[in-house]
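Convention: sequence-line order gives letters A, B, ...; per-chain numbering from 1.
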Number of protein chains: 2
Amino acid sequence: MKGIRQLADQLNISIGTVSRALNGRPDVNEETRKRVLEAAAELGYVPNQSGRSLRQGTTNAIGFMVESGFDTAGNPDNFFLGVFDGVQTVLSRHHLDLVVLPCATDEDPTQYLRRMVARRLVDALIISATRRKDERIELLNKARIPFIALGRSATPGDHPWIDLDFEGVAHRAVDRLVARGHRRVAVCVPSNDINLGFVFLDAYRAALGRHGIPFEPGLVIRVASSEQGGYQAAHELLTMAEPATAVVLIYELMAIGFYRRLNEAGLSPGRDIAVIAFRESPLSRFLSPPLTCFRMSLRDLGIALGESLLASMPAYAEVYPQGIVHRVWPMELIEGGSDQAISG
Amino acid sequence: MKGIRQLADQLNISIGTVSRALNGRPDVNEETRKRVLEAAAELGYVPNQSGRSLRQGTTNAIGFMVESGFDTAGNPDNFFLGVFDGVQTVLSRHHLDLVVLPCATDEDPTQYLRRMVARRLVDALIISATRRKDERIELLNKARIPFIALGRSATPGDHPWIDLDFEGVAHRAVDRLVARGHRRVAVCVPSNDINLGFVFLDAYRAALGRHGIPFEPGLVIRVASSEQGGYQAAHELLTMAEPATAVVLIYELMAIGFYRRLNEAGLSPGRDIAVIAFRESPLSRFLSPPLTCFRMSLRDLGIALGESLLASMPAYAEVYPQGIVHRVWPMELIEGGSDQAISG
DNA sequence: GGCGCTTCCGTAAACGATTTCGGAACACTC
DNA sequence: GAGTGTTCCGAAATCGTTTACGGAAGCGCC
């Protein structure tokens, strides 16, 4: 099967009619349409995407940019695969496909995205690992390409985004710890420019403030979001002049290293130091004591991302009328024993 | 910047010359080429991919099909992100880009691939989660699309593939265990139709055979490749009439559940039952005792995949002359204490 | 029978690039 | 000065679709 030409010849009708029939245009006899559809199915004809794209200026594909070097790359579950799944299910309802664009660690994300945009491979984009100041947002705005960011940004503008509920996480974590008598609560955030850490830190400050606890910069530990980072964080915490009695870890993977360093010091999480971490993974329950952490549905997040992206595209405005979405994704607290540490 | 037309008008030359200049054709004056290149850079002109594709029948993109429901989706590190990174670095050397095609859990992989192939979105493909009998291989062969499989298959034909060294893993694991006096070595494999489990099981049988140990079907435990699966596997093992004294787990994530069930029974891995698992993750060293497992470089695997794929494409035959590659990827043994269990 | 309306379909022009073909300009040789 | 190359570039065809436009056919109505 070559192209629409052959299909039309086979049926002895013009290619215009074939195209109209396949695309569900109203101005084609239903009998004719049926014949075309049948012949297309039989011959396995599928329109050449390049031809379509060239003519319509649209690709019927949505891009999802991820970065191999992003922190969650080391996280204890395949965060993105779960999200992809949700996005796909939404898109397939509209005959759209998802193509993932992985930016290599050695390439600048903005440059990479610029190239991809120029390629006109996709009609719209989901970007992740959003930076505090993210040039990609300006780039996409200027190029007038619909997009949604997984993760809010401080970059000005009114683009749609969905972010995890770091405020909720920080407040609930701090509330719990304070309720157990803790006053010196440390926090671990990554030391990169991804906005997540900043949002988390702000929420942590606010949470402390609600309890009248002054913010101490010394209790903010900046390390890599890895097991090693967690180990290092525990080390820093142990060598403080006046150690914290509790800690909130932003990446659950860090908990492994954190536990390890504590164990080396003869200390036990949940007894000597309270630990709460964000985000649940298979190993949370296995740790001893089990880690108190926060859970979410990756697939549902993907669905929300897909729907909210479509909502920002004029072509789908009537299907998803919610418009520009700014949404915070709820997290569920999972109680382990790791935050049971006694106070003082 | 609109298209090549504008660029040509700006320079007062024809679009043909512009195209030739940009594509490095010899029949264009070097002075002219320089002017074109400069103007293109200044105006940020990038050729429209649809136009190119339509004319040349090529897309300059390589696809990597992954499945959200694949076992490793739950694995304790982002297996695929690491591999993507390696593939990207190879492709970018040839001005190719990687697009990842994630198949949703609720869609048939072959149907999905058929759609993607028809889209002509990519020039060549990497497929993963290779099945024992994989229709995708036949599909791609018939469509004459260059591809490489991550994971060998029993599907006839001579397509290129790279697979992890399951033989090496199985032999080294069994050798170690037997050397420590074990005779009853159980093995855990997934219960799906992905070829990995079959290859692993065959190698396990062969390894036992080399030591004159008869194969016992009762020692093959088929469970899901998840933490729960590991838990269940341990349970099955404990309730055997004549329990195994050692076990080889194919997914490291299973070790968490396996350890947990053992602990519940008052047993300790490495003391009461020897455990070796495939593949290392951040938590391997953290488990108590640390897990004896196998390590690999995801990025290097990706590089090999990319190079081997290009080697199978006529257009790159002179750059990568190795031709059709069948390659087994080596794994490095990481010693933990989990396989130290005494025998008898 | 003329007119208007609807229904359906064919023709041809885009879309933006690459590439074949031929020719202009120039130099060189005899 | 005619013939022969060589170098470089422009014109135009081409890839496979979609879609604007117009027209043919059929029908109903006065």
Judged by modelled atom types alone, do B/T155 and B/D134 share a side-chain donor-acceptor pair under 3.5 Å?
no
Could you state the atom-to-atom distance from CD1 of B/I4 to C1' of D/dT14 in whole Å?
15 Å
Can you check whether B/T17 has a side-chain N or O nearer than 4.0 Å to OP1 or OP2 of D/dC9?
no
B/R33/B/E30 ion pair, N-O < 4.0 Å:
yes
Would A/N195 and A/S153 count as having a side-chain donor-acceptor pair, cut-off 3.5 Å?
no
Roughly how many Å is it from NZ in A/K34 to C1' in C/dC8, rounded to a whole number?
18 Å
Closer than 4.0 Å, any side-chain N/O of B/Q56 to the OP1 or OP2 of C/dA17?
no
From CZ of A/R20 over to C1' of D/dG22, roughly how many Å is that when rounded to an integer?
12 Å
Check this for me: does any side-chain nitrogen of one of A/K142 and A/E135 sit under 4.0 Å from a carboxylate oxygen of the other?
no
Among side-chain atoms of A/Q88 and A/S92, is any donor-acceptor pair under 3.5 angstrom?
no
With a 4.0 Å limit, can you tell me whether A/Y45 has a side-chain N or O closer than that to the phosphate oxygens OP1/OP2 of D/dT17?
yes
Checking only heavy atoms, does the side chain of A/R120 share a donor-acceptor pair with the base of C/dG16 at less than 3.5 Å?
no
Using a cut-off of strictly less than 4.0 Å, decide whether B/N29 has a side-chain nitrogen or oxygen near OP1 or OP2 of D/dC8.
yes
Aromatic rings A/H159 and A/F147: how do their planes relate, parallel, tilted or perpendicular, breaks at 30° and 60°?
parallel
Given D/dT17, C/dC9, C/dA17, identify the nucleotide with an atom nearest to the side chain of A/R52.
D/dT17
Please report the distance, rounded to the nearest Å, between CZ in A/R33 and P in C/dC8.
10 Å
Taking for each residue the nucleotide of DNA chain C bearing the nearest heavy atom, is the 5' side occupied by B/R5 or by A/V18?
A/V18
Distance check: side-chain N/O of A/N23 vs OP1/OP2 of D/dT18, anything under 4.0 Å?
yes
Quick one: on DNA chain C, does A/T32 or A/I15 contact a more 5' nucleotide (nearest heavy atom)?
A/T32
Of B/V28 and B/L54, whose nearest nucleotide on DNA chain D comes first from the 5' end?
B/V28
So, under a plain 3.5 Å distance rule, would you say the side chain of B/R55 forms a donor-acceptor pair with the base of D/dT14?
yes
Starting at CD of A/E30 and ending at P of C/dT7, how long is that distance when rounded to a whole Å?
12 Å
Interatomic distance, B/D9 CG vs D/dG10 P [rounded to whole Å]:
11 Å
What integer distance in Å separates B/N48:CG from C/dC15:P?
12 Å
Examine D/dT17: is either OP1 or OP2 under 4.0 Å from a nitrogen or oxygen in the side chain of A/Q49? Give yes or no.
no
Going by modelled atom types, is there a donor-acceptor pair between the base of D/dT18 and the side chain of A/R25 at under 3.5 Å?
no
Would you kindly give the CZ-to-C1' distance between A/R119 and C/dG16, to the nearest whole Å?
15 Å
